[in-house]
Structures are given as structure tokens and as C-alpha cells.
Amino acid sequence: MKHLSGIIFLSISSGVLGGCKQHQKEMIKPPNILFVINDDQTYIHTGFAGSKFVHTPGFDRVAANGIYFTNCYAGSPGSAPSRSTLVTGRHHWQNKQAGQHASSWMKEFIPFVDLLKANGYHTGFTGKGVDPFRYAQNEKDSLWRKENAAGHAYNKYRYTKNDSSDPRTAGGIGLIDYFSNFHDFMQQRKPDQPFYFWYGSTEPHRAYEKGSWKRNGKELVQVDVPGFFPDTDEIKGDMLDYAVEIEWADSHLYKMLNYLDSIGELDNTVVMVTADNGMPFPRAKANCFEYGVHVPLAISYPKGFPGKRRVDDLVGFVDIAPTILELAGVEPDGMLPISGRSIVNILRFEKNGIVDETRKYVFMGRERHSSSRWENLGYPQRAIRSREHLFIWNIKPERWPAGAPQAINNETGKVYPMYGIDEKGIHHSGWAFTDVDDAPSKSFLIENYKDPVIHPYFCMAYDKRPEFELYNVNDDPFCLHNLAGNANYVSVEKELKTALQNEMERSGDPRMIGPDKEIFETYIRYSPIRIFPKPDWEK
């Protein structure tokens, strides 16, 4: 099979003439691809998954008519490394700077969009691309990639602040008009040219407009509070503001689906909808727990896949790049070796539940997220998920997982109060635990940490953790009961630890095989750097 200028040519036999087979070339139009990725959304927060407080008719349409994956795992609980994994098909720890938050994207890490473009696809993106990374700014950045790894940006259509016609439903929602930019992209493609488009919403990333849920038809009673949070109105209100932003992102997907349907392209379009990592709340985003790495995934292709299915196979972000390339009929020539496996066999199989019995594990990890510790150190984790269990290796358990409990005032050089609480009892988010996004939920747990009811939740979010954690996620989706070291789970822990370390070794993870196991700490971060007191374990 060859793919040239957007046309797939298949040689087919049409009979035998004079003892020789006669072949003719049948032209088959390759599929369009619409890839949708929200920014910070946990798997359970879609209408199709049963959420009572999040309404997602766009996602639900794709899931109901296509294939809904119950077990999709991001490459990392943070956006940049997760997106890096997605477009290269490699674990983020294989991608050097291009697998780390807010570092540089080097030319050697070629994303699959380049190959689609070279093979005739009209490509582009709107919203957030493969970010946050630093791309080449001038000729001195000769080793850096110039264009975003999501492709060419289509972001010229924006809403105007304080405009009476502004349709945005909350103050924290971004200015980019995603659908209008998608429409612009579609108007610029050539007739019958296949397209690949990345729609990267900046929602539901924080910050939110606090209380936006009150004018968006939502009620506190609707919220299902995760077990790692107290069931309070402050937490519920924060989650409803999060839901408002998910629904905004979904509304643009819904418009895109209707538009494709109206021009007769939906049947020949592969639509993939997911999120880069979990919800931006304490103990979720930036953590390898379920609510940090388990993300939604729905895929539809009316012309090519049997729909109305629910699949339980374990799927990781390393699998997306080889899947898209196979669907497009494009070889990964020029890309660095891919660690993932295409799931096209699952997509084309008429079966629910477990389809591919060979898919036993998925892998995730993180290094530095935000600037949150002394000397800008990260909190390295590696994790493995089986069909029943989640195993996490906290490689530096002496460090604070949510960031140091005290920062230093850059101007005065003085150390902020413990936990960032001022003399009036008010928490300041930039003063402590800065690996957790500024949020009412974050401040509520900290300001009330002495309350005996709230204190256990504070500890779950901010305390140091053991080196190894093991959870039965089928029975314990909130990851509350660590089974590592439990005599009844010795064999499970050994199996997962061995499988994780084997994958780290196979993929050349420096944390496992060196030669410099601290190489990730040396990569430059091109975002603001905070300063922190030297920790006791370094004194």
C-alpha cells in the first residue's frame, strides 16, 4: 500500500487474461482525522460516563455512535509531557527536553503531523497545541523546532472582551473561537484533500470564574465528590465551575461535528476525543493516581469502524501516533522509534469488553511539573496500570509531592509562613504547594487543615508519600488504600514492579539505566522560577 498526495492506491486482482493476472488500481480516499484534546479533564466527567453535573453532547455523540474506551491513560499527569508522548508515540522520558514541562522542543523529535502533511494531508490546529514548550525563536535556536508540534496554528478568530455578543459562559474561558478557526482551516483545504485537525481546547484548565455555575443552570446537589475530598459546598462549587468549562469546550466539538455532517464529510472522518491529563484539583492533576492520568477517550469513524461499542482494553497515549499513522496509510519514516502499538485492530473488531488479550499494561510517569521545590527539582514518578491494579514508584519519596510547604519571597528573601497561610488565616497559592493549581479547593483544604474532619483530606493531598504505592482501582478508584507491602498482595506488587522496571529498561529511561539518573533536573525550564528554602534532606 502506498500513500501519495492524499490518495491511497491499492492493487487489486480483476481476473486472469492470457494466463497473466490483470491488476488495476482502485483509488480509496483516506480518512479525515479530527483530534480533540481538552486541557485537564478526568475520565469520569462526561455525560456518557454517567456524570450528573457535566453535560457533553458532543463527546456523547462520538462515544454513542463509535467506540468508548473505559481505560485510556495519558502519558503523564501533566500537559507538556503527556502531549509529547501523544504525538511521538514515545514515553515522555524518552524525549529528553521535549518530554518535560516548559522546556525546549528539539528537531529530532518529529511528530506524526509532519508525516501526514508530507503525504498530502491538510494539517493544522486551533487552541492549545503541543505545549507548554519553547520553540525556536531565532536562528541561534538551530537545534529547536520552529513550528508547534501540533502543526500550523489557526487562531486568528477570537472573542472580544466586554462585547455584548460574547457567547462565553464564564470569565475564565479563553478568547479563541475554536469552531470559527476550524471553519477557516476547512475553507483553505484543496477539493477532496484529506485533513488532519487538532482541536486543543484550553478548557477546563484553570483559572475559573468562581461561582460561574450559578448562572449556568447547575446545582450543588448534582456533584459527585471524589472520595479524596470532603463533601462540602466549597468543593462542589469548584467542581461545578470546572464543569462549566468542560461544557464550553464540548460545545465547539458539537459544532464541528454538525458542520462536518452538513458538508458530507463526517462519515469519512475519524473523530478522536480525549484530554491530556486529569482534573486540576489537589491529588488529581500532577499525580499518577487515577484522577490524574485516567482520561476520557471516544473514537468514531462511521465509514470504517463498527460503532456503538464499549471497549475495556488498556490504551495509552503512546498508542495514538501509530494508530493515526496506520489509519492514514503512512509509515513512521523519520520518526524516532515508537514505543506504542496501534489500536486499529481493536477499532475494526466487532466486539465489546476486552478485545486484544495481549494488552496487559499501560505506563505513565512525570518529572518536573511546575517550579515547586528547591533548585527547581521535580517529583519523579513512574507508574503502571494493569486491568485491576495501579502501581506507582515515587522515585524521590523524601520530596513533597505537591511542592514544598514554604516558598521564599523573591523580593524580600524571607520565607513565607508554613503552608502559605498568612496571619489572618488566608492561604496564598503561590506561597506553598505550588504543584497544585491555584484553586478554591486547594485553599479550602489548607486553611482548614487543623479541623479533624478536613485534616485527613489535607494529608492525602499534600503529605509526603511512600516510595511504592499499589491500589486495586476497580474497588478503590480514588486510590485511598495503599496495598504496597501488604502480605496478601506480594505477588501482585512484584509482578507490576518487575513489568514497570522492565519497560523503563527497554525504553532507555535514564531513571532506571543512567548513565545520568538526574538528567531531567538539568533541562532548562522556560517559565518563571520560584525559590524555596533548602530542604532538610539536602542540608
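Contact between Lys396 and Tyr379 at its shortest, heavy atoms only, is O-CE1, 3.6 Å. Contact between Pro230 and Phe444 at its shortest, heavy atoms only, is CG-CE2, 4.0 Å. Nearest heavy-atom pair, Asp319 versus Thr323, reported as atom, atom and distance to 0.1 Å: O-OG1, 2.6 Å. In plain terms, the two heavy atoms of Ala487 and Val490 that are nearest each other are O-CG2, 3.4 Å. The heavy-atom pair separating Phe48 from Thr56 by the smallest distance is N-OG1, 4.3 Å.
Taking the six-membered ring where the residue is Trp, Phe478 and Tyr291 present tilted rings, their angle falling between 30° and 60°. Ring orientation note: the planes of Phe458 and Tyr449 are tilted relative to one another, at an angle of 30° to 60°.
A side-chain donor from one of Glu469 and Tyr471 sits under 3.5 Å from a side-chain acceptor of the other. Judged by distance alone, the side chains of Asn474 and Glu388 never bring a donor and an acceptor atom under 3.5 Å apart. Between the side chains of His45 and Tyr242, at least one donor N or O lies within less than 3.5 Å of an accepting N or O.
The existence of a salt bridge linking Arg399 and Glu521 is confirmed by a sub-4.0 Å separation between a basic side-chain nitrogen and an acidic carboxylate oxygen. The pair Asp241-Lys214 does not count as a salt bridge, with every side-chain nitrogen at least 4.0 angstrom from each carboxylate oxygen. With respect to Glu245 and Arg206, no salt bridge is recorded, no charged nitrogen being found less than 4.0 Å from a carboxylate O.
Applying the side-chain hydrogen bond (donor to acceptor under 3.5 Å, both in side chains) test to every pair with at least one member in residues 277-288, sequence neighbours left out, gives these pairs: Asp40-Asn277, Asp40-Lys285, His205-Lys285, Lys285-Asp437, Asn287-Arg465. Screening residues 49-65 for salt bridge (Lys or Arg N to Asp or Glu O under 4.0 Å), with sequence neighbours left out, gives Arg61-Asp261. Counting only residues at least two apart or on different chains, the salt bridge (Lys or Arg N to Asp or Glu O under 4.0 Å) pairs with a member in residues 76-89 are Asp39-Arg83, Arg83-Asp276.
For the pair Lys497 and Trp393, the cation-pi criterion (under 6.0 Å, within 45° of the ring axis) is not fulfilled.
Residues Val62 and Ile299 have side chains not in contact (no heavy-atom distance under 4.5 Å, counting atoms from C-beta outward).
Partners of Tyr208 by ring pair (Phe, Tyr, Trp, His ring centres under 6.0 Å), not counting sequence neighbours: none found. With sequence neighbours excluded, the residues that form a salt bridge (charged side-chain N to carboxylate O under 4.0 Å, His left out) with Arg373 are Asp435. Remark: Phe112 engages Tyr196 in a ring pair (Phe, Tyr, Trp, His ring centres under 6.0 Å) (not counting sequence neighbours). Judged as a salt bridge (charged side-chain N to carboxylate O under 4.0 Å, His left out), and not counting sequence neighbours, Lys517 has no contacts. The salt bridge (charged side-chain N to carboxylate O under 4.0 Å, His left out) search around Glu219 returns none, not counting sequence neighbours. Here Gln41 pairs with Asn38 under the side-chain hydrogen bond (donor to acceptor under 3.5 Å, both in side chains) rule; sequence neighbours left out. With sequence neighbours excluded, the residues satisfying salt bridge (charged side-chain N to carboxylate O under 4.0 Å, His left out) with Asp356 are Arg341. Applying the side-chain contact (heavy atoms from CB on, under 4.5 Å) criterion to Arg382, with sequence neighbours excluded, gives His92, Trp93, Glu367, Ile395, Leu500, Met504, Asp509, Arg511, Phe520. Every residue meeting the side-chain contact (heavy atoms from CB on, under 4.5 Å) condition with Ser251, not counting sequence neighbours, appears here in chain and number order: Trp248.
Here the rule is ring pair (Phe, Tyr, Trp, His ring centres under 6.0 Å) with Phe197, and of Phe182, Tyr178, Phe179 only Phe182 fits it. Each of Tyr523, Phe133, Tyr526 was evaluated against Trp105; a single residue qualifies, Phe133, per the ring pair (Phe, Tyr, Trp, His ring centres under 6.0 Å) test.
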Give the C-alpha distance, both sets of side-chain angles, the deciding distance and a yes or no for side chain to side chain contact (heavy atoms under 4.5 Å, CB included) between Trp198 and Val87.
CA-CA 11 Å; Trp198 168 298; Val87 299; 3.7 Å; yes
So Arg310 and Tyr68, side-chain hydrogen bond (donor to acceptor under 3.5 Å, both in side chains) or not? Walk me through it.
CA-CA 5 Å; Arg310 189 182 187 97; Tyr68 175 69; 5.1 Å; no
Kindly indicate, with the supporting measurements, whether the criterion side chain to side chain contact (heavy atoms under 4.5 Å, CB included) is fulfilled by Ser51 and Ile44.
CA-CA 7 Å; Ser51 178; Ile44 199 68; 5.8 Å; no
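Side-chain rings of Phe468 and Phe391 approach one another, their centers coming within less than 6.0 Å.
Side chain of Arg134 to main chain of Ser103: no donor-acceptor pair is present (N/O by atom type, distance under 3.5 Å, no hydrogens or angles).
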